[in-house]
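Quick caveat: nothing in here was measured; it's all calculated off a predicted structure. Values reported hereafter were calculated over all heavy atoms of this structure, with side chains retained and with hydrogens, waters and symmetry mates removed.
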Amino acid sequence: MSTSKTALVTGGGSGIGAAVAERLRADGHTVAIIDLNPAEPEHSYVADVTDRAQIDAALAEIHSTLGPVTILVNAAGKDSFRRFLDLSFEQWQNIIDINLHGVFHTIQAVLPDMIEAGWGRIVNISSSSTHSGVPYMSAYVAAKSGVNGLTKSLALEYGPAGITVNAVPPGFIDTPMLRKAEARGNMGDIQATINATPVRRMGKPEDIAAACAFLISEEAGYITGQILGVNGGRNT
Ligand code: NAP
């Protein structure tokens, strides 16, 4: 376990982000959550990651009440399924805004604390869809591929400052986002996907939280710029 730090988890109100927040709390960290709908009141802040003013305001409050933020997990995200030719530029932009520009805003907002501390851990939740591409998910896959590229560049830029930057692209994790997509008929046959997954099960949010906890630990200090797939061996 690492020494206790202050962590920020975006999208911490649901699914993967909520599991990451719970795991980091269990590991002894103080955890702040930013979400559109945070599930629990303690250290939760309502903010939209696409809105820099809201992010800066939340960060100022977190900094003054909980201290400098030296751990950031970017889990806020939104999926999108639409034929490329049916995708309006506004719809494209909305998905890029949430999944890529949101990561830009939060990282820029927390980096000064990490630089000041001479230590930092950033984990970006991208998507296993970036390994292969997925039809009807062009905007989402483009945004998440941007997150992977941003991760690699920032790892090089801020390694000398004591900050590691890694990405975890999840695949097929049982969360509200996935179940909503299933209900809309976007997920195909869940059992067929399980059968095509080498470990023969869906992922759990806790599987992603475990990978994040490791990348955040002191022991992972020599690991940066990596894209650590957590996908049961499918689409890797
Ligand atoms: P989830 O249950 O929908 O959780 C995502 C959270 O992010 C929700 O609480 C959502 O709030 C919040 N959020 C969305 N837009 C936001 C914004 N603009 N500002 C602040 N918060 C916002 O989804 P999940 O499956 O846990 O996904 C977590 C991350 O993993 C996402 O980045 C997703 O793309 C990625 N991922 C998931 C899977 C999977 O299999 N589940 C696979 C690949 C990648 P609302 O509910 O109010 O929108």
Which pairs with one or both residues in [range] pass side chain to side chain donor-acceptor pair (under 3.5 Å), sequence neighbours excluded?
range	value
residues 50-62	Asp48-Thr50, Asp51-Gln54, Arg52-Asp56, Arg52-His105, Arg52-Gln108
residues 9-22	none
residues 143-160	Asn124-Thr151, Ser126-Asn148, Thr130-Asn148

Next on the checklist: For Leu228 and Asn166: C-alpha separation, side-chain torsions, deciding distance, then whether side chain to side chain contact (heavy atoms under 4.5 Å, CB included) applies.
Outcome noted: CA-CA 8 Å; Leu228 176 61; Asn166 292 289; over 6 Å; no
Are [X] and [Y] connected in the hydrophobic side-chain network, where two residues link if heavy atoms are under 4.5 Å apart?
X	Y	answer
Val123	Val147	no
Leu111	Val165	yes
Phe214	Ile71	yes
Ile163	Ile62	yes
Leu150	Leu215	no

Salt bridge (charged side-chain N to carboxylate O under 4.0 Å, His left out) against [X], all qualifying residues, sequence neighbours excluded:
X	result
Arg234	none
Arg184	Asp79
Arg23	Asp27
Asp207	Arg201

So do [Y] and [X] actually touch side chain to side chain, heavy atoms under 4.5 Å?
X	Y	value
Thr164	Ile223	no
Pro68	Glu116	no
Ile122	Ile107	yes
Arg121	Trp119	yes
Val31	His43	no
Ile125	Pro170	yes
Val110	Leu59	yes
Thr70	Thr6	no

Considering all heavy atoms of both residues, which atom of [X] and which atom of [Y] are nearest to each other, and what is their separation?
X	Y	result
Asp35	Gly12	OD2-N, 3.4 Å
Gly17	Ala75	CA-CB, 3.8 Å
Ser129	Ser127	OG-OG, 2.7 Å
Lys78	Ile98	CD-CD1, 3.6 Å
Gly232	Thr197	O-CG2, 3.6 Å
Leu36	Val46	O-CG1, 3.6 Å

Checklist outcome for this item: Sorted by chain and number, sequence neighbours left out, side-chain hydrogen bond (donor to acceptor under 3.5 Å, both in side chains) with Arg25 holds for Glu40
Checklist entry - Can you name the side-chain hydrogen bond (donor to acceptor under 3.5 Å, both in side chains) partners of Gln191, sequence neighbours left out? => result Asn195
Rounded to the nearest 0.5 Å, how far does [atom2] of [Y] lie from [atom1] of [X]?
X	Y	atom1	atom2	answer
Ile33	Leu24	CD1	CG	10.0 Å
Ile95	Glu90	CD1	CD	13.0 Å
Trp92	Asp97	CH2	CG	12.0 Å
Asp113	Lys5	CG	NZ	12.5 Å
Asn235	Thr193	CG	OG1	10.5 Å
Tyr45	Ile34	OH	CD1	9.0 Å

Checklist entry - Please walk me through it: do Ile96 and His101 pass side chain to side chain contact (heavy atoms under 4.5 Å, CB included)? => result CA-CA 6 Å; Ile96 304 284; His101 297 163; 3.7 Å; yes
Item to check | Other cluster members, Phe172 - Ile/Leu/Val/Met/Phe/Trp/Tyr, side-chain contacts below 4.5 Å | outcome: Leu178, Met187, Ile190, Ile194, Met202
Item to check | Cluster companions of Phe104 among Ile, Leu, Val, Met, Phe, Trp, Tyr (side-chain spacing under 4.5 Å) | outcome: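 Taking Ile, Leu, Val, Met, Phe, Trp and Tyr as members, Phe104 stands alone, with no cluster partners.
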Which donor-acceptor pairs under 3.5 Å do the side chains of residues 133-140 make with protein atoms, sequence neighbours left out?
none

Next on the checklist: Does Ile216 form a side chain to side chain contact (heavy atoms under 4.5 Å, CB included) with Val73? I'd like the steps, not just the answer.
Outcome noted: CA-CA 9 Å; Ile216 284 162; Val73 179; 3.7 Å; yes
Item to check | Test: Asp174 and Arg179 ion pair at under 4.0 Å | outcome: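 A salt bridge is present here (some side-chain N lies under 4.0 Å from a carboxylate O).
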Item to check | Whether Thr175 side chain and Ile16 backbone form a donor-acceptor pair below 3.5 Å | outcome: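 Here the side-chain-to-backbone pair does not exist.
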Next on the checklist: I'd like to know if the side chain of Asn231 and the backbone of Ser128 have a donor-acceptor N/O pair within less than 3.5 Å.
Outcome noted: no
Item to check | side chain to side chain contact (heavy atoms under 4.5 Å, CB included) between Ile173 and Ile208, intermediate numbers included | outcome: CA-CA 9 Å; Ile173 310 298; Ile208 306 303; 3.8 Å; yes
